[in-house]
Amino acid sequence: MPGVAFVAHCLLNQNSKTDGGARCPGVYSPLVDELRERGWRIEQMPCPELAFTGLNRFWAVREQYDTTAFRRHCRKIAAAVTGAIEVHVARGDDVILVGIDGSPSMGVHVTSSDPARGGRPEWPDGAPELSPGSGIFLEELTAELAERGVTAPRAMGVSHQLPTHDPSQERAQLVALMEGGG
Amino acid sequence: MEGDLRSFRVALVAGELINPGADGVDALAVIEQEGWGAMQLPAADYPDEVAAPLLDQVAEQAEEFARHGYTLALVGNRAGLEQALARYGLAVPPAIEPAADDQLRTFLAEVAAG
């Protein structure tokens, strides 16, 4: 088997997206197809936001999610995911991780940040919020892996919610990640 | 939900059917073609102590979909799922152990039609 890809929940289930964010009815096929065509095993991670803030949640930035309770929730999920990653690492499987860039929770290289955001939800459309960094779940997952002595997998973030999204570039990035880059 | 393309249909799917062998039912392909989302159940090769917290997450998230009126279905199974769902007040949704892609396609269409 080429390897195991732990993917963000919404890649297989766009129903989990914040209102307005679903790009397709269910499975976000471009990257899922790429993984499957190359024989990678797919493992879906839970959505950190879905059970915590629910389907009616607002779009939010890192600072709004960065609470003790949300980090505790993320750590609980991270512990579950790390348990599965450990199984594959122990077998010698190659493991990669595919998050969602631009997400306050699942961002890998790009998250969303605005320290001033809060209160009545009025802010201009297009207000800058994307910033370098990881989402809160990714931070907790990285910490959980480190505490258990598991090397963090190579990782990338899907870019479909970034203004610079380029489907062919996104696909190429996934291929590079599978081949050992990233 | 202007511009939002979600289907409001979510299938809980056995890990073995998300990652089928060469001669197995390719549930993920059918689910994608039929416009459902998928929530993956831990495959049988995960020990129970690894699968249990993952099942708990599946059940908790299924509850959120259920209480918002999303249509749920179960494709394949995983030991412990029924108990996990029950902890969140959910019964097992309409279920199938598909023997062929077309059988699954028909099942999903029937569940979607109510």
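Proteins get letters first, then strands, A, B, ... in listed order; numbering begins at 1 in each. All heavy atoms count here, side chains included; hydrogens, waters and symmetry mates do not.
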* Structure fact -> All heavy atoms of A:I136 vs all of A:C74, minimum pair found to be CG2-SG, 4.2 Å

* According to a 4.5 Å side-chain heavy-atom criterion applied to Ile, Leu, Val, Met, Phe, Trp and Tyr, with indirect links allowed, do B:L72 and B:F8 form part of one hydrophobic cluster? -> yes

* To do: Give, as side chain, backbone, both or neither, the part of A:T82 having an atom under 4.5 angstrom from any heavy atom of chain B.
  => neither

* Determine whether the aromatic ring centres of A:H88 and B:Y46 lie less than 6.0 Å apart. => yes

* **Portion of B:E64 that has a non-hydrogen atom of chain A nearer than 4.5 angstrom** => both

* Joint hydrophobic cluster, B:L17 plus B:W36, side-chain heavy atoms closer than 4.5 Å -> yes

* **Proximity breakdown for B:A51 and chain A, heavy-atom pairs closer than 4.5 Å** => neither

* side chain to side chain contact (heavy atoms under 4.5 Å, CB included) assessment of A:H73 paired with A:E140 -> CA-CA 10 Å; A:H73 171 75; A:E140 294 299 325; over 6 Å; no

* To do: Check whether A:E43 gets within reach of chain B through its side chain, its backbone, both or neither, counting any heavy atom under 4.5 Å.
  => both

* Flag the one option from B:A38, B:P53, B:A11, B:G37 with the top tally of heavy-atom pairs under 4.5 Å to chain A. => B:A38

* Structure fact -> Counting heavy-atom pairs under 4.5 angstrom with chain A, the leader among B:I31, B:I18, B:V13 is B:I18

* Under 4.5 Å heavy-atom distance to chain A, tell me which part of B:R9 shows up: side chain, backbone, both or neither. => backbone

* Asked: Between A:R41 and chain B, which part of the residue has a heavy atom less than 4.5 Å away: side chain, backbone, both or neither?
  -> both

* Measure the acute angle between the ring planes of B:F65 and A:H9, then classify it against the limits of 30° and 60° as parallel, tilted or perpendicular. => parallel

* To do: Kindly determine whether A:V7 and A:V32 satisfy side chain to side chain contact (heavy atoms under 4.5 Å, CB included), including the steps that lead there.
  => CA-CA 9 Å; A:V7 304; A:V32 169; over 6 Å; no

* Asked: Stepwise, does the side chain to side chain contact (heavy atoms under 4.5 Å, CB included) test hold for A:L12 with A:I42?
  -> CA-CA 10 Å; A:L12 300 190; A:I42 292 173; 4.2 Å; yes

* Structure fact -> Cut-off 4.5 Å, heavy atoms of chain A, and the answer for B:P42 is neither

* **Toward chain B, the part of A:C10 with a non-hydrogen atom under 4.5 Å** => neither

* Side chain, backbone, both or neither: which part of B:D56 has a non-hydrogen atom closer than 4.5 Å to chain A? -> side chain

* Asked: Which one, A:C24, A:S29, A:G83, leads in non-hydrogen pairs under 4.5 Å with chain B?
  -> A:C24

